[in-house]
Amino acid sequence: MNFFEQVYAIALKIPHGRVTSYGAIAAAIGSKGSSRMVGYAMAESHHHENRIPAHRVVNRNGILTGKHHFGIENEMQKRLESEGHIIVDDKIKGFSEAFWDPMTELGL
DNA sequence: GGTGTGACCAGCT
DNA sequence: AAGCTGGCCACAC
């Protein structure tokens, strides 16, 4: 299983209405410093057959750093809002409560 | 196969 | 407080 597949496998497990961070995913696949690659994987995620819920992955502060990669302006924000999140100034309000840590939740 | 480029992050100055 | 650096690893050229 290559790096990308591991990233996608975790991303697909993010529960509806929850979010996680690049760093958390990187740590969960045992490559803590590779959060950049997680972001890169997300950017390429549309190539993947399964739909990756990339909008549920933000940076460690809950900021929507990757919103531009959705093609449509505010698409990422709209998807998050439709899942019950509140976005203020490109940042998820209550991020720490909505945060889903793959390491903890998947029992790694 | 070297080099540059990322949706990042932590640590240092 | 804001900027720089190094680490990480896949990919395109």
Side-chain angles (χ1 to χ4, degrees):
Chain A
M1 210 183 209
N2 64 33
F3 190 91
F4 272 38
E5 288 177 38
Q6 295 185 60
V7 172
Y8 295 144
I10 300 233
L12 288 169
K13 288 175 186 164
I14 302 171
H16 186 276
R18 305 292 298 281
V19 291
T20 191
S21 75
Y22 305 99
I25 293 177
I29 64 180
S31 189
K32 192 183 176 196
S34 304
S35 41
R36 284 172 155 203
M37 305 308 110
V38 176
Y40 194 48
M42 289 299 107
E44 295 286 312
S45 66
H46 53 71
H47 291 325
H48 200 266
E49 304 221 347
N50 300 331
R51 291 267 173 91
I52 311 298
H55 57 283
R56 298 191 189 133
V57 185
V58 296
N59 78 356
R60 67 182 180 97
N61 296 314
I63 297 171
L64 280 52
T65 51
K67 60 182 277 188
H68 289 294
H69 290 266
F70 280 79
I72 309 163
E73 185 83 27
N74 296 334
E75 176 67 10
M76 187 176 189
Q77 175 171 342
K78 275 168 65 177
R79 289 197 191 179
L80 287 167
E81 286 175 338
S82 70
E83 294 187 1
H85 299 289
I86 299 169
I87 317 298
V88 179
D89 196 24
D90 288 345
K91 185 168 120 211
I92 298 175
K93 189 174 172 62
F95 174 66
S96 58
E97 290 161 29
F99 182 68
W100 179 83
D101 184 3
M103 195 111 78
T104 302
E105 305 289 339
L106 298 176
L108 307 173

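The structure presented is a predicted model; accordingly, all values stated were derived computationally and were not measured. Residue numbering restarts at 1 for every chain, and letters A, B, ... go by the order of the sequence lines.
For A:S31, counting side-chain heavy atoms from C-beta on, the closest listed nucleotide (B:dA7, C:dC9, B:dC9) is C:dC9. Nearest nucleotide to the side chain of A:S35, out of B:dA7, C:dC9, B:dC9: B:dC9. Candidate nucleotides C:dC11, B:dC9, B:dC8 were compared by shortest atom distance to the side chain of A:T65, and B:dC8 ranks first.
The separation between A:H46 atom NE2 and B:dA7 atom C1' is 11 Å, rounded to whole Å. In this structure, CG of A:D90 is placed 13 Å from C1' of B:dA7, rounded to the nearest angstrom. A:E75 has its CD atom 15 Å from the C1' atom of B:dA7, to the nearest Å. In this structure, A:L80 places its CG atom 18 Å from P of B:dA7, rounding to the nearest Å. C:dA10 atom P lies 16 Å from atom NE2 of A:H47, rounded to whole Å. When the P atom of B:dC9 is taken as reference, atom OH of A:Y40 falls 18 Å away, rounded to whole Å. Summarising the geometry, the separation between NZ on A:K32 and P on C:dC8 is reported as 12 Å, rounded to the nearest angstrom. The separation between A:H69 atom NE2 and B:dG6 atom P is 9 Å, rounded to whole Å.
In this structure, A:A54 reaches the bases: a heavy-atom distance under 4.0 Å links it to at least one base atom across the strands shown.
Minimum interatomic distance between A:A43 and A:H69 (heavy atoms only, all atoms of both residues): CB-ND1, 4.1 Å.
Remark: side-chain polar atoms of A:H55 are not paired, donor with acceptor, to backbone N or O of A:Q77 under 3.5 angstrom. The closest donor-acceptor contact from the side chain of A:D101 to the backbone of A:M103 lies under 3.5 Å.
Using a 4.5 Å heavy-atom threshold, the side chains of A:Y8 and A:E44 count as touching. Residues A:W100 and A:K13 have side chains in contact (heavy-atom distance under 4.5 Å, counting atoms from C-beta outward).
Mapping A:R36 and A:F4 onto DNA chain C by nearest heavy atom places A:R36 closer to the 5' end of the strand. Along DNA chain B, the nucleotide nearest A:E44 and the nucleotide nearest A:R60 are compared for position; the residue whose nucleotide lies closer to the 5' end is A:E44.
Taking 4.0 angstrom as the limit, A:S34 places none of its side-chain polar atoms (N or O) nearer than this to OP1 or OP2 of C:dA10.
In this model, a side-chain donor or acceptor of A:Y22 finds a partner on the base of B:dA7 within 3.5 Å.
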